[in-house]
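Per chain, numbering begins at 1; letters A, B, ... match sequence-line order.
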Amino acid sequence: MAHGGLALRRGRGAASAQSVKNIVLVHGAFADGSSWAKVIPILQASGYNVTAVQNPLTSFVDDVGATNRALALQDGPVILVGHSWAGVVITEAGMDPKVVGLVYVAAFGPDRGEAASEMGKAYPPPPALAAPIVDQQGFMSLPTDVGGEALCVGSAGE
Amino acid sequence: MSAAAWKTKPSWYIVSKLDEAIAPEEERFFAKRMKATTTELNTSHLPMLSQPKAVAAVIMDAAAKVFCGQRQPGSLKRRVGYWM
């Protein structure tokens, strides 16, 4: 299903005539498009065209670029969805005129001029991000014992 | 960042009440500031894995209602006009 770095999935059936039919999903940091694997089939079964962006996670500009390319492929109005870090991405990419609504999923919702690195400082430090591993190229990852456990509290399933 | 889309477009927000990556209080702050239609879920930072039906329901609610003019009615004509 990969096409130009995007996972493209087209649903069947019919969302109602007055509703938006295109959904673009943007994953967060330390993650990939598979974040949405459980949500995509539910949306498709209801007739939506679903695109999961694959963010490079190399920079804000790069992630906005990947999201803009996915938006360019849509044939009509779009609901743009972002998880976590991708809240920053959709806040910028959402200015595309095709985007008619935004859904933030446990996501940053910055205003103009606010950096993601500054936003959490008024709140207790999040356990999941307490001890990231930074390699010699400056890429960050999370230790599986700490990051994985803290990220997944309550995620055993419905 | 050049502009914040939530200032001019209707927004929905899912707060994860057990979040250990972004503080739930911070999530509520974002949701309130953007005047989002807000849903709180008893879950971690990954609601799309723990409660995919609830997350899909919020997305579909947004898709169904965004053109209804219930929120930010002043911008409805502009949006419809763009696509018609």
How long is the gap from CD1 on B:Ile22 to OG on A:Ser84, to the nearest 0.5 Å?
4.0 Å
Shortest non-hydrogen separation from A:Met95 to B:Ala5 and the atoms involved:
SD-CA, 3.4 Å
Keeping A:His83 on the side-chain end and B:Pro47 on the backbone end, is there a donor-acceptor pair under 3.5 Å?
no
Answer with side chain, backbone, both or neither: which region of A:Leu102 has an atom nearer than 4.5 Å to a non-hydrogen atom of chain B?
both
Run through A:Val50, A:Val105, A:Leu43 and flag the one making a side-chain contact (heavy atoms from CB on, under 4.5 Å) with B:Ile59.
A:Leu43
At a heavy-atom distance under 4.5 Å, which candidate from B:Ile14, B:Thr39, B:Thr38 has the highest pair count against chain A?
B:Ile14
Classify the angle between the aromatic ring planes of A:Phe108 and B:Phe30 as parallel (below 30°), tilted (30 to 60°) or perpendicular (above 60°).
perpendicular
If we ignore hydrogens and angles and just use 3.5 Å, is the side chain of B:Lys9 paired with the main-chain N or O of A:Val99 as donor and acceptor?
yes
Checking B:Trp6 side chain against A:Pro110 main chain: does a donor-acceptor pair fall under 3.5 Å?
yes
Closest heavy-atom contact between A:Val100 and B:Val66?
O-CG2, 2.9 Å
Toward chain B, the part of A:Val81 with a non-hydrogen atom under 4.5 Å:
side chain
For A:Ser35 and B:Leu49, which heavy atoms make the closest approach, and how far apart are they?
O-CD2, 3.6 Å
Report yes if some heavy atom in the side chain of B:Pro52 is under 4.5 Å from a heavy atom in the side chain of A:Trp36; otherwise report no.
no
Of all the heavy-atom pairs spanning A:Ile42 and B:Ala56, show the shortest one and how long it is.
CG2-CB, 3.6 Å
Nearest heavy-atom approach of B:Ala62 to A:Val103 is CB-CG2, 3.8 Å
Looking at B:Lys7 and A:Glu92, is any side-chain nitrogen of the basic one under 4.0 Å from a carboxylate oxygen of the acidic one?
no
At a 4.5 Å cut-off on heavy atoms, which part of A:Leu25 comes close to chain B: side chain, backbone, both, or neither?
side chain
Smallest separation among heavy atoms of B:Asp19 and A:Ala106, with atom names:
OD2-CB, 3.5 Å
Interchain contact, B:Glu25 with chain A, by part (heavy-atom threshold 4.5 Å)
both
For A:Tyr104 and B:Met34, what are the C-alpha separation, side-chain angles and deciding distance, and is it a side-chain contact (heavy atoms from CB on, under 4.5 Å)?
CA-CA 10 Å; A:Tyr104 291 81; B:Met34 63 178 70; 3.5 Å; yes
About how many Å separate OG of B:Ser11 and CD1 of A:Ile79, when rounded to the nearest 0.5 Å?
9.5 Å
